[in-house]
Amino acid sequence: MAEDKAASLREAALHFHEFPKPGKLEIVATKPLANTRDLSLAYSPGVAIPCEEIAADPQAAYKYTSKGNLVAVISNGTAVLGLGNIGALASKPVMEGKAVLFKKFAGIDSIDIEVNEQDPQRFIEIVAPLEPSFGGINLEDIKAPECFEIEEALRERMNIPVFHDDQHGTAIIVAAAVLNAMQLVSKDIAKAKIVTSGAGAAAIACMNMLIAVGAKRENIWIADSKGLVTKKRDNSVDRWRGAFAQASDKTELSEVMAGADIYVGLSKAGALKPEMLKDMAENPLILALSNPIPEIMPELAREARPDAMICTGRSDYPNQVNNVLCFPFLFRGALDCGATVINEEMKAAAAHAIARLAHEPGLEASAHGVPAIFGPDYLIPNPFDQRLILRIAPAVAKAAMESGVAKRPITDFAAYRDTLNRFVFRSGLVMKPMIERAQGQNKRIIFADGEDERVLRATQVMLEDNIGRSILIGRPSVIEQRIERFGLTLQAGRDFDVVNPEDDPRYRDYVADFHELVGRKGVTPDTARTIVRTNTTVIGALAVRRGEADALICGLQGRFIKHARDIQSVIGLAADSRQLSALSMLVMNRGVFFLADTYVNIDPTAEEIVAITLQAHNHLKRFNIEAKAALLSYSNFGSRDGTTSEKMRVVYETLKHVAPDLVVDGEMQGDLAINESLRERYVPNSVLKGEANLLIFPNLEAANLSVTLLKELNNALPVGPILMGTRQPAHILAPSVTSRGIINMATIAANEAIGG
């Protein structure tokens with residue numbers, strides 16, 4: 001099983017990196033080149049003008065070029081996590097990955113640069129002259145002690161932020177965990193005894209960071225592969241480790257564990273033995289951060305010390321110390337204020353911001369079966385918490401300004417936070433709260449198209465990500481053959497369940513239930529038997545109605561409206577609903593937009609549109625998004641009369657009465673919904689501010705045309721359609737949906753099944 005899983009991962013990883021084009025990065029132009037004038041502005045002769053401006057004032061580069069939002073990820077591949085010294089070229093996939101994280105989490109453009117040079121002085125001479133090109137330098141996977149020398153020299157020579165993430169990213173998160181753990185158990189960090197196994201870049205940086213937030217150097221003990229770092233070993237330690245050398249005759253880590261409040265492991269698997277925990281202080285903090293196998297597994301640590309607080313670097317345990325908690329947002333704040341360096345004050349500000357965020361209830365429940373509430377299993381936030389950028393970037397920028405290293409100070413932090421908030425919902429992370437909430441809840445999602453490759457691949461991901469348990473409707477032999485063909489590691493019964501439409505023991509019961517529902521609608525018993533044998537949407541809907549599944553996903557074959565009728569016939573409408581409707585979500589570079597009703601009602605009444613709007617509003621809450629609704633028409637606030645404009649005016653008046661807290665305005669044309677300045681020419685005092693994110697259409701023709709055009713013109717990521725108004729969760733997929741789209745819809749269905 002382990003070998004099969006490893007082989008499957010290998011195949012999937014190689015396929016991921018090769019297709020649809022090799023690598024994870026591409027360059028995209030930000031300006032149009034559609035005609036001769038565009039060309040003359042982008043290049044000769046127009047380009048000479050910003051060149052002259054920059055020659056006269058170097059700071060103008062941040063105004064006229066991408067320098068201010070461009071970070072270089074630079075490595076020589078001498079210390080790649082888990083792989084060691086594999087060289088510059090082999091490290092390129094890792095560096096591309098780091099660049100992708102910068103873009104995904106913080107909107108920072110990044111390019112990877114692999115330098116085939118292991119001599120630190122020559123490496124420095126290669127990197128330092130790159131300063132004109134970039135707004136910041138992220139050093140990555142460079143071995144110690146050379147990394148210390150390289151970073152120090154580059155910080156001294158370059159007038160832009162230089163940051164070795166392996167050192168300081170880990171250190172900032174460790175500091176946040178330590179601050180919160182000490183507060184939780186009422187210990188003074190200045191008096192805490194700290195022991196550390198590992199004396200590489202990350203370990204030294206962690207100790208320096210802990211000192212920056214209040215720990216005392218005299219209370220810190222460090223051990224490397226040769227034992228404790230003491231003054232007696234002056235000839236065998238470099239100056240960075242030597243700064244922590246203790247005057248002691250002791251030689252092993254185990255000799256100084258007695259009374260220790262904090263253990264930090266940045267060494268190797270198994271370095272911390274259970275017996276070494278026995279004499280630690282009450283309520284110790286154990287940070288076992290070696291990956292993929294920590295210095296001690298949490299289960300062993302908990303068995304030895306039930307009172308311990310435990311952090312690891314793994315995603316399958318609480319309190320994950322993951323650098324992505326920090327580095328994108330640290331650079332975001334540094335770049336936005338024009339910082340010339342990332343100094344100790346900025347790093348400390350990031351650590352405190354992370355620590356404070358853990359005191360706020362998580363947006364969603366923890367994926368590990370514990371509440372996302374500050375405590376021993378929630379010392380640091382989830383790496384995908386959408387609020388990280390909103391807390392860390394402003395804190396870092398303020399620290400840069402207060403410490404005098406910001407060349408372009410931020411003058412309006414309220415506006416700055418609003419910019420960051422809008423980025424969060426442009427980043428594609430909009431699904432993360434839903435995924436986190438679904439994980440571990442074991443909701444049963446039944447798929448009507450259980451033999452389809454996309455469903456099988458989605459089932460594999462749902463299993464691995466613990467999103468829910470799949471029930472596949474299909475022939476077992478076909479499912480098994482396709483699992484083998486696609487190289488998946490799924491096994492029926494163990495990893496998913498099967499409903500065989502050709503031979504299921506519940507068939508008679510399903511027929512009886514179905515005929516009872518539709519027998520007075522012209523469906524004979526013989527017809528009911530045929531439908532239940534051949535219509536997988538009806539089978540799935542019956543399973544949901546009978547409580548054998550929590551949600552239905554269907555629609556890969558056949559017409560949308562036919563599936564909708566089957567769902568309504570079997571599952572029925574919600575108590576507060578008179579009709580089904582569909583909500584489509586588009587994730588675009590500009591932001592996340594919801595459109596309704598895009599698939600069901602051809603010409604809904606004003607009353608029906610009111611219900612659709614309120615249902616859509618409730619769905620947006622599941623995404624932690626505040627709805628800002630625009631009622632669309634060809635008319636702007638009464639500028640033209642007609643059937644649809646008058647209908648949307650009635651909708652507006654009704655919504656003001658039945659949902660006074662809903663942010664909504666209309667009727668209006670599409671450009672006014674998105675452009676606040678245009679809208680203000682008509683209604684200066686509108687409650688709708690900024691861009692509307694919920695677009696409500698007067699009829700199906702307008703809605704469906706809009707969603708399909710927007711998707712293609714903007715290369716948008718579609719999520720949905722989300723079927724609204726059902727008694728129990730059921731969704732109809734578009735036939736063109738990808739396996740990722742199926743996972744998204746299954747996640748949404750699982751959230752509906754959870755409730756709230």
Side-chain angles (χ1 to χ4, degrees), residues 6 9-14 16-18 22-25 71-105 110-120 122-124 126-127 130 136-151 154 162-174 197-206 224-225 238 240 265-271 288-295 312-315 320-328 331 383:
L9 175 62
R10 181 179 181 82
E11 179 186 350
L14 292 175
F16 179 87
H17 282 79
E18 184 178 0
K24 299 190 284 284
L25 294 173
V71 169
V73 176
I74 303 181
S75 179
N76 61 5
T78 54
V80 179
L81 179 65
L83 299 174
N85 187 351
I86 60 173
L89 181 59
S91 75
K92 187 172 178 64
V94 180
M95 303 312 132
E96 283 189 355
K98 195 80 169 190
V100 169
L101 294 178
F102 268 115
K103 186 68 175 179
K104 184 72 172 180
F105 284 90
S110 182
I111 190 72
D112 61 297
I113 299 177
E114 291 73 36
V115 179
N116 193 21
E117 181 54 69
Q118 297 194 16
D119 178 83
R122 293 180 65 181
F123 186 92
I124 291 164
I126 292 169
V127 175
L130 299 176
I137 302 292
N138 184 90
L139 300 173
E140 192 77 18
D141 291 347
I142 302 171
K143 70 184 179 73
E146 288 90 338
C147 61
F148 302 123
E149 180 182 351
I150 289 169
E151 186 186 37
L154 291 176
V162 177
F163 185 80
H164 188 210
D165 185 47
D166 298 323
Q167 297 181 54
H168 309 298
T170 301
I172 288 167
I173 302 160
V174 165
S197 64
I204 297 299
C206 283
D224 60 17
S225 60
D238 53 55
W240 295 279
L266 288 154
S267 51
K268 63 180 182 179
L289 306 181
S290 173
N291 242 336
I293 304 175
E295 285 77 5
T312 71
R314 293 170 54 130
S315 61
Q320 182 192 11
V321 176
N322 186 327
N323 284 15
V324 81
L325 270 165
C326 171
F327 75 84
F331 265 98

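With sequence neighbours excluded, no residue forms a salt bridge (charged side-chain N to carboxylate O under 4.0 Å, His left out) with Glu151.
With Asn76 as the partner, the side chain to side chain contact (heavy atoms under 4.5 Å, CB included) test is satisfied by one option alone out of Val80, Thr78, Ile74: Thr78.
Looking at Ile113 and Val73, their side chains never come closer than 4.5 Å, going by heavy atoms from C-beta outward. Within the 4.5 Å cutoff, side-chain heavy atoms of Ile142 are placed close to those of Ile150.
Closest approach of Glu114 and Ser91 over heavy atoms only: CG-OG, 3.7 Å. Taking every heavy atom of both residues into account, Ile173 and Asn322 meet most closely at CD1-O, 2.9 Å. Listed here is the closest heavy atom pair of Ala288 and Pro294: O-CB, 3.3 Å. Looking at every heavy atom in both residues, Ala271 comes nearest to Ser197 through CB-OG, 4.3 Å. Of all heavy-atom pairs between Ala144 and Ala201, the closest is CB-N, 3.7 Å. Considering every non-hydrogen atom in both Ser290 and Ala269, the closest pair reads OG-N, 3.7 Å.
Distance CD/Glu117 to CD1/Ile124: 10.5 Å, rounded to 0.5 Å. Residue Asp166 holds its CG atom at 11.0 Å from CG of Leu266, rounded to the nearest 0.5 Å. In this structure, CG in Leu154 is found 6.0 Å from CG in Leu139, a value given to the nearest 0.5 Å. Expressed to the nearest 0.5 Å, how far CG of Asp238 lies from CD1 of Ile204 amounts to 7.0 Å.
Proximity of a side-chain donor or acceptor of Arg314 to a complementary backbone N or O of Gln320 within less than 3.5 Å is not detected. With hydrogens and angles disregarded, a donor-acceptor distance shorter than 3.5 Å links the side chain of Ser75 to the backbone of Glu140. Side-chain N or O atoms of Ser110 include one that pairs as donor or acceptor with a backbone N or O of Val71 at under 3.5 Å. With hydrogens and angles ignored, the 3.5 Å screen pairs a side-chain donor or acceptor of Glu295 with a backbone N or O of Leu289. With hydrogens and angles ignored, the 3.5 Å screen pairs no side-chain donor or acceptor of Thr170 with any backbone N or O of Gln167. Between the side chain of Lys24 and the backbone N or O of Pro93 there is at least one donor-acceptor pair closer than 3.5 Å.
No more than 12 heavy atoms of other residues, nucleotides or ligands lie within 6.0 Å of CG in Asn116, so this atom counts as exposed by the packing criterion. Counting heavy-atom neighbours within 6.0 Å of Leu89 CG, excluding the residue itself, gives a total of 12 or less. Atom CD1 of Ile293 has 12 or fewer heavy atoms from other residues, nucleotides or ligands within 6.0 Å.
Under the 30°/60° scheme for interplanar angles, the aromatic rings of His168 and Phe163 are found to be tilted.
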(request) Please assess Val321 against Thr312 for the test side chain to side chain contact (heavy atoms under 4.5 Å, CB included), listing each intermediate value before the final yes or no. (result) CA-CA 6 Å; Val321 176; Thr312 71; over 6 Å; no

(request) Take Gln118 and Asn85 through the test side chain to side chain contact (heavy atoms under 4.5 Å, CB included) and record every step on the way to the result. (result) CA-CA 10 Å; Gln118 297 194 16; Asn85 187 351; 3.5 Å; yes

(request) Would you check, one step at a time, whether the test side chain to side chain contact (heavy atoms under 4.5 Å, CB included) holds for Leu325 with Phe105? (result) CA-CA 9 Å; Leu325 270 165; Phe105 284 90; over 6 Å; no

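Figure legend: cation-pi geometry between Lys98 and Phe327, with NZ or CZ positioned under 6.0 Å from the six-membered ring centre and within 45° of its axis.
Side-chain atoms of Asp165 and Asn323 include a donor-acceptor pair closer than 3.5 Å.
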